[in-house]
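Read the structure below first, then the notes.
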Amino acid sequence: MGDVSRLLVDYGPAFGQALLLTWKLTLLSFVPGFLLGIGVTVLRLLPLPPLRWVLTGYVEIFRNIPSVALLIFIVFALPDLQVVIDYEPSVILTLALVASAFTADYLRAGINTVPGGQIEAALSLGMRPLRVITAIVLPQALRAVVQPMTSLLIALMLSTSLASQVPFPGRELTALVSKIATDSAAGIPAFAVAAALYVATGLLIAWAGAALEKKARILR
Amino acid sequence: MSRSLENILFGAPSPRAQAVTRAMSALAAAALLALATGIVYRFHNAGQLDARFWNFFAWSTTWSFLGKGLLGTMASAAMAAVIALGLGLVLMLGRLAPLRLLRWPSVAAIEFLRGTPTLLLIYVCFLVLPQIGIKLSTYWMLTLPIALSTAAVVAEVYRAGVLAVPRGQTDAARSLGLREAQVFFSIVFPQALRYIVPALVAQLVIVVKDTTFGYVVTYGELMQNAKVLIANYHALVPVYLVVAVLYCAVNYAISKASQRLGGPMH
């Protein structure tokens, strides 16, 4: 315990900043990723075969590519194509792309829980297909995917650790631990503190997700 | 499940809607083609289509080196998966144990390993353990953390499977006079396994993805070998593209296999 308290005296504020950066990266990548995922899902429903093929390819690519490989490609290979993105936006872009692919995948499964009769009923009321999607299908699908989206958010939060792989000006938790472990012998307490912060954040998200799930769940 | 949702939504279009759909399809195809052309043009402009960036892919040494990397990835992923399957079982048994002395440490271990990034665990094995005198080989610096964090996830998957087995099975087995261990290992667990095989195989995708961190500890897996190739040929874009395609292909195959395994059961 003495190790941890000495560490917190030396690095307390740094851990606070690192935690905040981890949260910030999580949020900044989750929100656009989620919205993009909804967009991809809707576009994939349209009866336009070329669009469907390409978007299915998009989902499969970003679901299956390792995030680090994607990040390294964006940071180190894209400049050779004269596309230069700063480090922080690169991390956010990587995580958002991956999150959007998983969102599209989960949402598609959520859409399958909407009974076909509802859509037939809506169409027979004279609603246009796009209106049926936005007013009938999507709201119910979104309520059905609260639980997988919670898991995705936790996975995304843990994935922000890959920001430590690029020379980032700020340090998130994993980068901070690696710096402390390189500079001093306080590796184990630093790791313990970072792990505790990660686990606590994960439990917080899980708790919030469970509360939301309770409210949003549709009993069929 | 009878008709797919798209089918119901757009199943019986009027002639006018059909015409609109065709026009929109053509438009979408044209836009996507323009995008693809734009990307190729960008490659060309940046000189990335020059022969010197690609010709080494015609050499067998390049592919045998990448193949060696892929084998390294597989070796690490397979070992991590095997350890995770075994350790996950232990953790799950601990978590379901009636004894608090066993249950609480198991819950703590599962939450801890599941809740910390694999990369952080890799850094611990790479930077912290040597400080206290534990020196692992690069293979184990990569494989052990992946195995540990996967074991925690696998434990939860096992638990979900075990809880899904109807209670009557346990009761019936007990009333036949089987011992607790027999009830679990010959009645409950085999049935639980059948429920969760797709989820376990899907977990393998995450294991393969995690082995990408091999370059952190300079273990010779696909990503690390790609870096070596790049250092030799200064061809960042082509090598990373090829490696990304290889990763996607492997993981896509695993995902498809897990879907196939999930199919015939239900």
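A note on names: the letters A, B, ... follow the listed sequences, proteins ahead of strands, and every chain is numbered from 1. Reckoned from all heavy atoms, side chains included, excluding hydrogens, waters and symmetry mates. Predicted, not measured: the structure shown is a model, and the values here were computed from it.
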Contact origin within A:Ile61 toward chain B - heavy atom pairs under 4.5 Å
both
Hey, what do you get for CD1 (A:Ile119) to CZ (B:Phe10), rounding to the nearest 0.5 Å?
10.0 Å
Among A:Pro49, A:Pro129, A:Pro79, residue most engaged with chain B (heavy-atom pairs, under 4.5 Å):
A:Pro129
At a heavy-atom separation under 4.5 Å, does B:Phe112 approach chain A through its side chain, its backbone, both, or neither?
both
Where on B:Arg22 is there a heavy atom nearer than 4.5 Å to chain A: the side chain, the backbone, both, or neither?
neither
Please determine whether side chain to side chain contact (heavy atoms under 4.5 Å, CB included) holds for the pair B:Thr116 and A:Leu158, giving the CA-CA distance in whole Å, both sets of side-chain angles, and the decisive distance to 0.1 Å.
CA-CA 7 Å; B:Thr116 38; A:Leu158 297 178; 5.7 Å; no
Which bit of B:Ser255 comes within less than 4.5 Å of chain A, counting heavy atoms only: side chain, backbone, both or neither?
side chain
So, for A:Pro66 and B:Thr212, which heavy atoms are closest and what is the spacing to 0.1 Å?
CB-OG1, 3.2 Å
Closest non-hydrogen atom pair, A:Tyr198 against B:Gly115
CB-O, 3.3 Å
What part of B:Tyr252 lies closer than 4.5 angstrom to a heavy atom of chain A: side chain, backbone, both or neither?
both
When B:Thr118, B:Leu119, B:Leu222 are compared by non-hydrogen pairs under 4.5 Å with chain A, the top option
B:Leu119
Taking every non-hydrogen atom, the tightest pair across B:Lys209 and A:Arg63:
NZ-O, 2.6 Å
Heavy-atom contact with chain A under 4.5 Å, split by part of B:Met223:
side chain
Heaviest contributor of heavy-atom pairs below 4.5 Å to chain B, chosen from A:Phe76, A:Trp53, A:Phe62, is A:Phe76
Tell me, for A:Leu130 versus chain B, whether the close heavy atoms (under 4.5 Å) come from the side chain, the backbone, both or neither.
neither
Side-chain heavy-atom pair B:Phe126, A:Ser178 within 4.5 angstrom cut-off:
no
Under a 4.5 Å heavy-atom cutoff, which of A:Val199, A:Leu51, A:Leu203, A:Leu46 has the most pairs with chain B?
A:Val199
Nearest 0.5 Å, what's the OH-CD1 distance between B:Tyr240 and A:Ile74?
12.5 Å
Is there a side-chain contact between B:Tyr247 and A:Asn64 in this structure, where contact means two heavy atoms from C-beta onward sitting under 4.5 Å apart?
no
Mind running side chain to side chain contact (heavy atoms under 4.5 Å, CB included) on B:Lys227 and A:Ile72 for me, showing each step along the way?
CA-CA 10 Å; B:Lys227 294 215 163 203; A:Ile72 288 177; 4.1 Å; yes
Select one option (side chain, backbone, both, neither) describing which atoms of B:Val205 are under 4.5 Å from chain A's heavy atoms.
side chain
Heavy-atom proximity to chain A below 4.5 Å, by part of B:Tyr215:
side chain
Can you tell me if A:Met127 has over 12 outside heavy atoms packed within less than 6.0 Å of its CE?
yes
Between A:Phe73 and B:Leu241, is there a side-chain heavy-atom distance shorter than 4.5 Å?
yes
Please classify the contact between A:Arg44 and chain B as side chain, backbone, both or neither, with a heavy-atom cut-off of under 4.5 Å.
backbone
Heavy-atom check, side chain of A:Ser159 versus side chain of B:Pro117, under 4.5 Å:
no
Need one label for B:Leu32: side chain, backbone, both or neither, based on atoms under 4.5 Å from any heavy atom in chain A.
side chain
Pick from B:Val237, B:Leu121, B:Leu127, B:Val250 with the largest number of heavy-atom pairs that fall under 4.5 Å of chain A:
B:Val237
Residue among B:Ala28, B:Ser25, B:Ala17 with most heavy-atom pairs under 4.5 Å to chain A:
B:Ser25
Taking the side chain as everything from C-beta on, heavy atoms only, tell me whether B:Leu120 gets closer than 4.5 Å to A:Ser161.
no
Can you find a pair of side-chain heavy atoms, one from A:Gln165 and one from B:Val216, that are under 4.5 Å apart?
yes
